Each structure stands twice: as structure tokens, then as C-alpha cells.
Amino acid sequence: MKGRIATIGFFDGVHKGHQFLFDHLRRFASERGCSPLIVTFDKHPRAVMQSDYMPKLLTTLPERKALLARFGEVAVLPFEEFQPLTAEQFMRYLRDQYDVKVLLMGYDHRFGSDHLDSAQDYHRLGEKCGMEIQTMNEYTEGEWHVSSTEIRQALETGDIVLANDLLGRPYSLSGTVVHGKGLGRTIGFPTANIQPTDPYKLIPKSGVYMARLDTPTMDNAPAFVNIDVKGVIEAHIPSFKGDLYDARLELRFERFLRDERHFATLDQLKEQIKEDVDSILRQDVR
């Protein structure tokens, strides 16, 4: 069988549940002698359908495209243009434009403006359009139903270890180093104030974290990261000396250390930061 086998979704996070689907996509493609195709969208569907909805994304579009490309060819479609299509119209589009012979659907995935009720409805339409429909079982890990929602909730409560486990990699956040208040430098712990690249990217719960990042002179350097209640992100890199202004950094979060606290004096703040940094360096040695 030539042509393509495709799967459709927004795939925010490209987490273990998505990877489970993509692994099957590649296996089925190999067995049937066709190419795997991942169809995704440029915008979060709810952000288009609800004008007041502010998505909290686990991955930006460039991040998502790069992660998806590991599993097959990626087609990014403009959601606003395809939103009006019924399920049958969308199937015919995939068949005619991408030569899709087989459509692999996630266990709970639905598409089309006609809001079909069940997998059987898609199977029926597939027969009409000359397209085979395959449906997957849900991927679970222990007690967890692996989903973007579960990962967002973990990040919003500071459970970085769980979020990373469900993602299958460290949660990352990219941004540009901008000028801050300079308080860290005055107490001996200079920080890089990081402005996120995408305003819709989810910022984890306020508090202090251990993370890793790459600098122009260091790879995978341990960092002390503070996120305040306003979402301001500051990273102290103990082993780095130099100027990072305007540099683009990617934080890879590893562990939540403690909640953010207010201190009566700068000396108390300095002592706490020293304890935090020492803890990060001890963990790095291990």
C-alpha cells in the first residue's frame, strides 16, 4: 500500500501519550508500506473558538514541530481555515491533498464541525471516503491518565518530577535575557532575567527550582531559578561569569526546591540563596 497513514491533533506537549500514538503510526506505516504523516494546527482550537480563551501551552509551535518531526512528516494547517469543515470534508481533503489511505485516531479524538458522537461514525465515513479508520486505546502510566491537562496541573502545583515523567523529558521554557532590577548582583548572586519567547507558554508555579541550561560557554549548566508570583523568571548560574544580555536561553526544569518567601533583610535573603545554590551544586555532583 502506497500513500500515507495519518493521525490528527494539536498534540500540545508531545507527551508520552502522544508518543505512544506516533510509535504505532510508524509501525503501521512500516507494515503497510506507506509513509507516516502527523497533521496538526497552528493555533489551539479553543483559542480560535473562544475569543477570551488564553491557552497555557506546554510547547510553542516551533517546539511542537521539532518534536513531532522525530516521528514522521508534519503538516501544520491553519485551524481557522479548517474549522468550518465537516468530518467528511476534512477526510476528503486529507485523501486528495496528502494521499491518506489510513487514519489513526486517538482513543478520545474527535474532529469536524458536525461533532460526530462516536468512533463508529468515523468508521462509517471512512468507508464512504475510501479511507480506513483505526482507533487507538488510551495510554496510561500507573494511576495516571497521561494528558496535556494532567501535565499542566502538575506544573501549576510545582510537581516538576511528575510533569517531566509524563512528558518523557524535562519541561523547558525559552526566553531572552533582559535587564532586571539588578538586586541579585548587589548581594553576590547575579541573575539572568528571562522574558519568555511565547506569552502563551505555561510558566510553572511561583517558587524556587533547580534547572539546567546552555550558555555560550557551558552546556547543561545547573541553575537556581526563581519565579515570582507575577511570573518574572530569574536564573542564577553558579559556575558562569559573563554577560548574557540579549542571549536566548532554554531552561530545563528538574526539581521544585521551595516556595518563594519574603525576607526581612537582604542578609537573610543572601543566606537562603546560598543554601539553595549549595543544594543545587550538591545534587549536580551526584
Side-chain angles (χ1 to χ4, degrees), residues 1-49 53 55 57-116 119 121-123 125-136 139 146-148 167-169 172 174 197-198 200-201:
M1 174 190 290
K2 293 184 178 180
R4 293 182 173 91
I5 176 171
T7 191
I8 309 165
F10 188 66
F11 303 123
D12 189 25
V14 193
H15 53 62
K16 284 183 175 179
H18 297 142
Q19 294 166 33
F20 174 74
L21 176 67
F22 302 148
D23 285 341
H24 280 76
L25 180 75
R26 291 193 297 185
R27 180 167 65 83
F28 291 156
S30 177
E31 291 173 351
R32 293 163 183 258
C34 53
S35 302
L37 173 68
I38 300 171
V39 180
T40 191
F41 299 98
D42 59 340
K43 296 179 182 178
H44 194 290
R46 281 187 62 189
V48 174
M49 295 185 287
Y53 178 71
L57 299 179
L58 301 175
T59 42
T60 64
L61 180 57
E63 290 169 346
R64 190 156 43 95
K65 287 169 62 177
L67 289 166
L68 292 174
R70 299 176 184 178
F71 299 93
E73 180 185 357
V74 180
V76 181
L77 305 181
F79 185 78
E80 287 174 296
E81 292 183 21
F82 285 86
Q83 178 192 356
L85 298 189
T86 65
E88 180 178 346
Q89 288 172 330
F90 193 48
M91 282 184 185
R92 292 187 183 279
Y93 171 83
L94 294 177
R95 183 197 64 191
D96 296 342
Q97 295 297 317
Y98 292 97
D99 195 21
V100 172
K101 307 288 190 183
V102 184
L103 185 60
L104 183 63
M105 295 182 60
Y107 80 100
D108 65 346
H109 185 241
R110 300 288 183 269
F111 63 87
S113 60
D114 43 349
H115 306 293
L116 301 183
D121 292 326
Y122 290 94
H123 282 271
L125 279 181
E127 290 180 3
K128 183 178 179 182
C129 297
M131 184 182 295
E132 180 184 346
I133 307 297
Q134 293 280 345
T135 53
M136 292 291 299
Y139 176 80
V146 181
S147 69
S148 301
L167 282 167
R169 65 181 184 282
S172 64
S174 298
T197 304
D198 190 322
Y200 295 126
K201 181 85 181 221

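Being a predicted model, the structure only gives us computed values, none of them experimental.
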Atom pair [atom1] ([X]) and [atom2] ([Y]), whose distance is rounded to the nearest 0.5 Å:
X	Y	atom1	atom2	result
Ile8	Leu77	CD1	CG	9.0 Å
Asp114	Asp121	CG	CG	9.0 Å
Cys34	Lys101	SG	NZ	9.5 Å

Does [X] use its side chain to pair, donor to acceptor, with the backbone of [Y] at less than 3.5 Å?
X	Y	answer
Arg4	Tyr98	yes
Lys201	Leu58	yes
Ser174	Thr197	no
Thr86	Ser113	no
Thr60	Asp198	no
Glu132	Leu104	no
His18	His15	yes

Is the closest side-chain heavy-atom distance between [X] and [Y] below 4.5 Å?
X	Y	value
Phe79	Asp42	yes
Thr135	His123	yes
Phe22	Ile38	yes
Gln19	Tyr139	no
Leu103	Tyr122	no
Tyr53	His44	yes
Glu80	Pro78	no
Arg92	Arg95	yes

Closest heavy-atom contact between [X] and [Y]?
X	Y	value
Leu25	Ala6	CD1-C, 3.9 Å
Ile133	Met105	CG2-SD, 3.9 Å
Met136	Phe28	SD-CE1, 4.4 Å
Ser148	Asp12	OG-O, 2.8 Å
Met91	Cys129	CB-SG, 4.2 Å
Val100	Met131	O-CE, 3.7 Å

Item to complete: Mark yes or no: Arg46 above the aromatic ring of Phe10, with NZ or CZ under 6.0 Å from the six-membered ring centre and no more than 45 degrees from the axis.
Response: no

Worksheet item: Which of these, Leu68, Leu67, Leu61, sits in a side-chain contact (heavy atoms from CB on, under 4.5 Å) with Lys65?
Response: Leu61

Worksheet entry | Plane angle bin for Phe90 and Tyr93 - parallel if under 30°, tilted between 30 and 60°, otherwise perpendicular | parallel

Worksheet item: Would you say the ring centroid of Phe82 lies under 6.0 angstrom from that of Phe41?
Response: no

